[in-house]
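Data first, discussion second: the structure below is written as structure tokens.
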Amino acid sequence: MMKSRPLRLRFLPFALVLSGFAVQAQPAPKVTTPKEALGFDIGDDYQVANYTQLVAWWQKLASLSDRMKLVDMGPTAEGRRQYMAIVSSPENIRNLDRYKEISRKLALAEGVAEPEARDLAREGKAVVWIDGGLHASESVGSQQLMEQVYQMVSRSDPETMRLLNDTIQLYVPANPDGLELIANWYMRGSEDPAAALLEPSRRSMSGLPRLYAKYIGHDDNRDFYMSNMPETTNMNRQMFLEWFPQIVYNHHQTGPAGAVIFIPPFRDPFNYNLDPLVPLGIEMVGTAMHSRLVAEGRGGSAMRTGSTYSTWWNGGLRTVTYFHNMIGILTEIIGEPTPTRIPLVADKQLPKSDWPLPIAPQEWHYRQSIDYEMSNNRAILDLASRYRETFLFNFWRMGMNSIERGSRDSWTVTPKRIAALEAAAATAGGRANGGRVAVEPAAGGRGPNLPAEFYQSVLHDPRLRDPRVYIVPSDQPDFPRATEFINALLKNGITVHQAPAAFAVAGKNYPAGSYVVKTAQAFRPHILDMFEPQDHPNDFQYPGGPPIPPYDITGWTLALQMGVQFDRILEDVPGRFTRIGGLLPAPPAAVSGAATPAGYLISHQINNSFKLVNWLLKAGCEVYWLKKDTAGQGPGAIWTPASAAARSIVERAAKELGTPVQALAAPPGGDALKLKPIRIGLYDSYGGSMPSGWTRWLFEQYDFPFERVWPSTLDAGDLRSKFDVLVFTDGAIRRGPATGRGAGRGAAEPANVPAQYRAWAGRISDEKTIPQLQKFVQSGGSIVTIGSSTSIAEVFGIPVKNYLIEKGPDGRERPLPREKFYVPGSLLRVNVDNTNPLAYGMPSQLDVFFDNSPVFRLEPNAASKRTSPVAWFSGTNVLDSGWAWGQQYLDGGTAVAEAGVGEGKIILLGPEVNFRDQPHATYKLLFNGLYYGSAKPAALP
Ligand SMILES: [Zn+2]
């Protein structure tokens, strides 16, 4: 039933609505109620509170209640402040510093022996993190957070009092900007009922004009090991440097069809780097949540195969916690402010271990979802209260396990090692038994029993020990980039040291300033995960059948994605190293060489050099890329003639960006490309494209001058007078076989869109848009395409075809089926022609992020049509991290190509070279591509 309610109330000041509020029957603290704060109750149909309302209410609650403290976590991308509410008993609130210290000591375990750990566990309080609204349009999350805090500060029943006494509760609105956007969007018109655009019953969350996180939308849950965004950094700081919660509950919303909510345990694959107490803790907490719901008669909870979530991937708010020995819980619930329906799904009506209590199909109201979430929050807090000492002690146990594993010889068993074990047994059996494997019959296990000595000789091969130390040398080609990698580790609470002086390990010298990452620390699983390849199991529905898609990607090794050079050291590295305190600035470099120079030589290998180039061009300085190898820097070294402006810019860059600059007495001479200041158009679409958003953020980091373009911008034509280069990221253009993952929705009809967003609407069309793009390129513009957008090659007659094809039963070519070729997000090795300007500054081999990305076959006439391969796959074993089923099909395929068309250029980047702004190693393909098309040949004296 829907009650009518005064819509104006939510915008009235508190004072006007404070009177007439009925006191509850039991004695309870008098605090501001939802009705007083918002004008409605949380979970009322057709009502969503925004972030401004949340903050106003929480500030009020914090001032009225001695159970609550509000903490400013830091800024958001749109410049709001992100707050966290700490809720506990008044006594605990007075002693927060002590409980924080206990949590930190147990988390890091360093120097804490078992008796002290037991004492600390006895004294400490369980720290539980509960967030909401990370994916803002999943609005149950943010609204339940407000209700939960309100209940915890306003109730005095025995359970609430026990939870307050035993736990410290951290309540985190995970995406303030997004909450403001979606709530205002849903409620639009409601502040003026007379002129309301929408009747309450017509309100809808759909059709959001832009992403609900400024740059990255839904990918705000893909940023946690990298920590590019301010909100991620805020939350990582609270989790891994400040509070060290033992349990992290991350609320989401997409309930399985025919059910209400997915709650862990998760399906396999399980990440082998995790301490086994993590998945066991997840089982325990998840089971407590299901049990509470079922005991309350709330059906429709599902687990394991009830959805697609696993513990394989790192990088989400929930999953990054596993690599820090925390119990991360994700739930996915149904529910909208506009009532919905639970459908009848036959499968979900038969009780089984993965959905124990089926639920009847029915109309579903928002408040029901809120009530489920109250039960879930309480189930976690209840378990944290009852098992407080165990959770705290096990937290120390996991940290100490990591320290112990990093202090002695240890091995990580991965699917490849199991394959090696089976191969060794087969070979041994073959030798002994004329081809048959001689093994003992299985005793209860699945496989046959293998000769026990292989446990030592194969699984514990001394050469395959886990590293005890990783060294990141300071004399690598792009040390500022390596420093950014170290910052990602530091944001994740990893301890890193730096060498104050040169040192040597096993005969190899490392210069001062090198970074030293020892694995004997509590968060060792995260360190291994950032440096080592992910070895994803082959995961199929049945042998020979279709692959089971991973929950997210399968391989992400950050050190490889960033192209960081490092050494694995299998022994401890004694020596005096300095522990790094805060985040690192770029290591300062210098302008060296001639006192009265003709100009300055800058490395093309350093990503920050592009920022320097952008500064130089903006100041009107000339910039050249030198064709021949100059001063040992390989082809493409950057040259800018001397001037007062150039001098001050290169000096600033050396200091701030860490780009060493060599002043030369005479110009280097020879052929060069002269860069032109460029005007970049970055394509985006209504609703927002995440790949475009990531690229926008990246362009801002490197000071590229750009503006966003929409279908209407392109259709208006005259593009050549406005832009030098247009960029289409993955998903912007899709022709031919589908590749990659999704992008912007992009297709809103202008008539359905509010006036201020109408210019964003529309889509790229063959009739209107493509002819304008053709005109643009013919007259000298260039187009850079990534992922699926490379399919634009077709309309420009570029002689490339899909490489990943086979002959079907009808004799016609068709794309390879998934049973044969499947690479769902992995790092693959390519060869690179770094004499092509598109690949200047890159090594001849490196890893690219490949997500079922396009691979090209160049037609025999490619050269005559000015089309060249720039990066290609070679060999049948190109997988460096993740899962690449059928990788042999890649051998000989082209990953990156460039083509001259008319006066202009088209650049085809098949792999996602800036996927989630992590693969710094391949940024140059994009950055070079921006300048390459409009650069003109020049000869230097
Ligand atoms: Zn979500």
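In each ligand, atom 1 is the first atom listed, and ligand 1 is the first ligand listed. Start at 1 with the first residue, then count along the sequence.
- Excluding waters, the count of protein N/O/S atoms less than 2.8 Å from the Zn ion (ligand 1) comes to 4.
- Taking the centre of each ring, Trp185 and Tyr212 stay at or above the 6.0 Å mark.
- Checked against a 6.0 Å centroid threshold, the rings of Tyr309 and Tyr551 count as neighbours.
- A distance of 6.0 Å or more separates the ring centres of Trp556 and Phe224.
- Salt bridge absent: Asp177 and Lys214 never bring a charged side-chain N and a carboxylate O closer than 4.0 Å.
- A parallel orientation is assigned to the rings of His536 and Trp883, their planes being inclined by less than 30° (bins at 30° and 60°).
- A cation-pi geometry, defined here as NZ or CZ lying under 6.0 Å from the six-membered ring centre and within 45° of its normal, does not hold between Arg916 and Phe849.
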